[in-house]
Structure formats: structure tokens, C-alpha cells
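The figures here come from the full heavy-atom set of this structure, side chains too, leaving out hydrogens, waters and symmetry mates. When a ligand or atom number is given, it counts from 1 through the structure's own listing order.
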Amino acid sequence: MQKEEDPDVTASWAIALHGGADATPGREYGHVEAHMAALLDETAEWLAASESAVDVAQKAVQALEACGHHIAGKGSSPNQDGVWELDAAIMDGSTRSAGAVSALEGFISPIAVARDVMDVTPHVLLAGNGAAKLARERGHDKVSNPSAYYDPAVKDPLPANAAGHGTVGAVVLDTEGRLAAATSTGGLLNKTPGRVGDSPIIGAGTWADRSVAVSCTGHGEYFMRTAAAASVAARVKYGHEDVASAAAAVIDEVGDLGGRGGLIALGADGTLSLPFNSRGMKRASANSSGLREVKIFA
Ligand code: ASP
């Protein structure tokens, strides 16, 4: 298992992004890396200009949804009925507010709708038609012709519920010391209609509190069965583990059950940890002390 830790814990802001666990050795990822590097620069500007962690997390994930390079937003695949059902969640660690959508059909940015669930409803998770109703009422951009809009990032013929590992996510620490996490996904490839993974489940695929922000990627059922994102936070809070040890232990637990994937975690002191047990994880990180890194494999 890869374990990475940034030794610089003095950053006044920090960010990590992911474009999904797993990658195929030998495949050309230059365009993915270039997009992530440019997005990292943009997010650095937003953070240096004192934008809030939750706004930056949302905007970063929206850009990853729109680019079509990942299995989220534009790059998502349809389910076995030919329907695009997308999941997303966002959490503001400073208030513990959270919003999520699952099996959302027909909208360009699931993370923007999740943000509205957080901001304008008393709920945390809206599913299916109810999520779409909110999105319509709030005027979110629609996908009027799904087969023309979506351009699946993975086009090979697929077995049912194949782990595509192209979820996108962001964890952010802003200059006020606030943490936030956001995650968006098309889910497993050729998935069972109605199947919902870990990404929109607060505490499984997404979590932020005052100590740590986490966004997961990988075979979601395993991340749900380990309450992966909240387990990182619990290890930090109750077990007094450092963020890197907590994150690595949770990926080990996922692996012990047979699951593959990774996560990005960011502590309130700026510690970044991006462990994975898959063949790679598209990931990027930056902080105000000059860290700028985009990586896919070890
Ligand atoms: N975790 C996502 C899910 O199971 C998939 C992924 O990360 O690629 O829906």
C-alpha cells in the first residue's frame, strides 16, 4: 500500500484533489494530469484570495465533473437501464453542515445540487426524483439530451458493477482554518439501477469536521462497510492518531475486507495524506508553502 505524507504542517491553506482510485499502467494520462495541475493553480488562487473551504471544494469538484476525464459528471457511464444516476456530497467541517444527492438524473452538476441540499433544505440527503425536483426548483443546469451530453470516460464493454474508480473529490483547508470535503461520482460502471455507493453517504465516502476532511474513492460497498471517512475522523479524534496513520489504517481495513481504493485526507494543521491500495490514484495536492504535486502511480 502506498502511504504519502506531507511533512510541512505550517501551511495556512491546503488542498488535495482526486480523480479516482486505480489507473491502467501504460495508458496515456497526460491530459488528466494537465487538467489537474491547472485546476490546482486555480484553487490556489481562490484560497489565497480567502475563499472559503466549502466554496473551493465545490468549485473544484464542479470543474472535475465538467472536464469529462473522470467517472463523474460529464464522464459518467449509464447504469444497466441506460440511465445516468449520479451521486455527490459536500460537508463543511466548521459547522458540520452537509448535503448530498443520490441517483440524481438530468443535471450537469450533482455537487452543486448537493450544496443546495445543505444550504436551503433541512435535510442532508435527497434521492432520485426528490433531488431532481429541488434541482429544477433551484434552476440548476439540465442535461436535456443525456446521450449527447455524457461522454463516458471509460468506453470499453463492461461487466456488471465494474469498479471504474473515476470518482472525483476535494478536501480543503482555508485561511480561516476551516475544513471541507466534496465528492461526486457516476458510481460503478454498468451498475445496477438504484445502486448508491459511498460517495453521497456522509461518513462513508465524504466527511469533514474541525479536525479532518476526507473524500474516498474505490469500490464503494467496502467504504460503506467500514464507514471509511468517519473512521479516519474517529481515529484522529478518539484514538489521537495522526491523520496519515488514521488514513492508512482505514485503507488497510478496506483492503482486509477485499476492497480496493484510496482516499484523500487533510488535517486542520495542513497535514495531507493520500493513501491507496489500488494500482494508482489520480491525485493532486498543493499548499501555501509551495507544495504543488500531481501524481497517478506511486
Ligand atoms: N466510490 C464510488 C462508488 O462506489 C466509485 C469510485 O470511487 O470510482 O460509487
Side-chain angles (χ1 to χ4, degrees), residues 16-24 29 32 61 64-65 67-80 83-90 100-105 110-111 114 125 127-128 131 150 152-154 156 158-171 181-207 214-232 247 250-251 253-255 257-265 274-283 296:
L17 310 171
H18 72 76
D22 211 16
T24 308
Y29 288 104
V32 174
V61 166
L64 291 164
E65 288 176 336
C67 73
H69 299 157
H70 311 284
I71 304 161
K74 188 174 177 60
S76 300
S77 292
N79 67 18
Q80 289 163 19
V83 176
W84 276 265
E85 292 184 336
L86 309 188
D87 303 330
I90 189 161
V101 293
S102 63
L104 174 67
E105 273 179 58
I111 198 67
L125 171 61
Y150 292 108
V154 176
D156 318 328
L158 299 162
N161 295 305
H165 298 327
T167 292
V168 303
V171 290
T183 313
S184 181
T185 190
L188 297 180
L189 301 169
N190 198 16
K191 67 187 178 183
T192 305
R195 181 265 180 189
V196 173
D198 59 315
S199 308
I201 306 301
I202 296 300
T206 307
W207 179 264
V214 183
S215 172
C216 301
T217 173
H219 202 136
E221 279 70 5
Y222 296 93
F223 287 79
M224 295 161 92
R225 289 166 58 199
T226 52
S231 288
V232 175
V250 167
I251 291 303
E253 200 183 333
V254 166
L257 293 182
R260 294 249 157 259
L263 60 82
I264 54 175
L274 295 76
F276 55 90
N277 67 5
S278 42
R279 281 178 303 181
M281 179 167 76
K282 299 173 219 84
R283 61 202 190 279
I296 294 182

When only distance counts, is His219 in polar contact with ligand 1, meaning an N/O pair under 3.5 Å?
no
Do you know which two heavy atoms are closest between Ala88 and Pro200, and how far apart they sit?
O-CB, 3.6 Å
Would you call Glu221 and Arg195 a salt bridge, using N to O less than 4.0 angstrom?
yes
Check contact between Ile71 and ligand 1, using heavy atoms of the residue and a distance below 4.0 angstrom.
no
What residue and heavy atom of the protein are closest to atom 6 (C) of ligand 1, and at what distance?
Thr167 OG1, 2.6 Å
Give a yes/no verdict on whether any heavy atom in Gly166 is under 4.0 Å from an atom of ligand 1.
yes
Within the structure, is a non-hydrogen atom of Gly218 found at a distance of less than 4.0 Å from ligand 1?
yes
Please report the shortest heavy-atom distance between Ala229 and Trp207, naming the atom on each side.
CB-CB, 3.6 Å
Scan side-chain atoms only and decide if Thr167 and Thr185 contain a donor-acceptor pair under the 3.5 Å cut-off.
yes
Do Ser215 and Thr183 have side-chain N/O donor and acceptor atoms under 3.5 Å apart?
yes
Compute the shortest N/O to N/O distance between Gly187 and ligand 1 and return yes if it is under 3.5 Å, no if not.
no
Sub-4.0 Å atoms of ligand 1 with respect to non-hydrogen atoms of Thr217
6 (C), 7 (O), 8 (O)
Indicate the atoms forming the closest heavy-atom contact of Val168 with His70, along with that distance.
CG1-CB, 3.4 Å
Below 4.0 angstrom from a heavy atom of Asp198, which ligand 1 atoms are there? Numbered from 1 as shown, please.
1 (N), 2 (C), 3 (C), 4 (O)
For Ser184 and Glu65, does a side-chain donor sit closer than 3.5 Å to a side-chain acceptor?
yes
Look only at interatomic distance and state if Thr185 has a nitrogen or oxygen under 3.5 Å from any nitrogen or oxygen of ligand 1.
no
Less than 3.5 Å between some nitrogen or oxygen of Arg195 and one of ligand 1, yes or no?
yes
Without hydrogens or angle criteria, can the side chains of Asn79 and Thr192 be said to hold a donor-acceptor pair below 3.5 Å?
no
Geometric N/O contact Gly220 with ligand 1, under 3.5 angstrom
yes
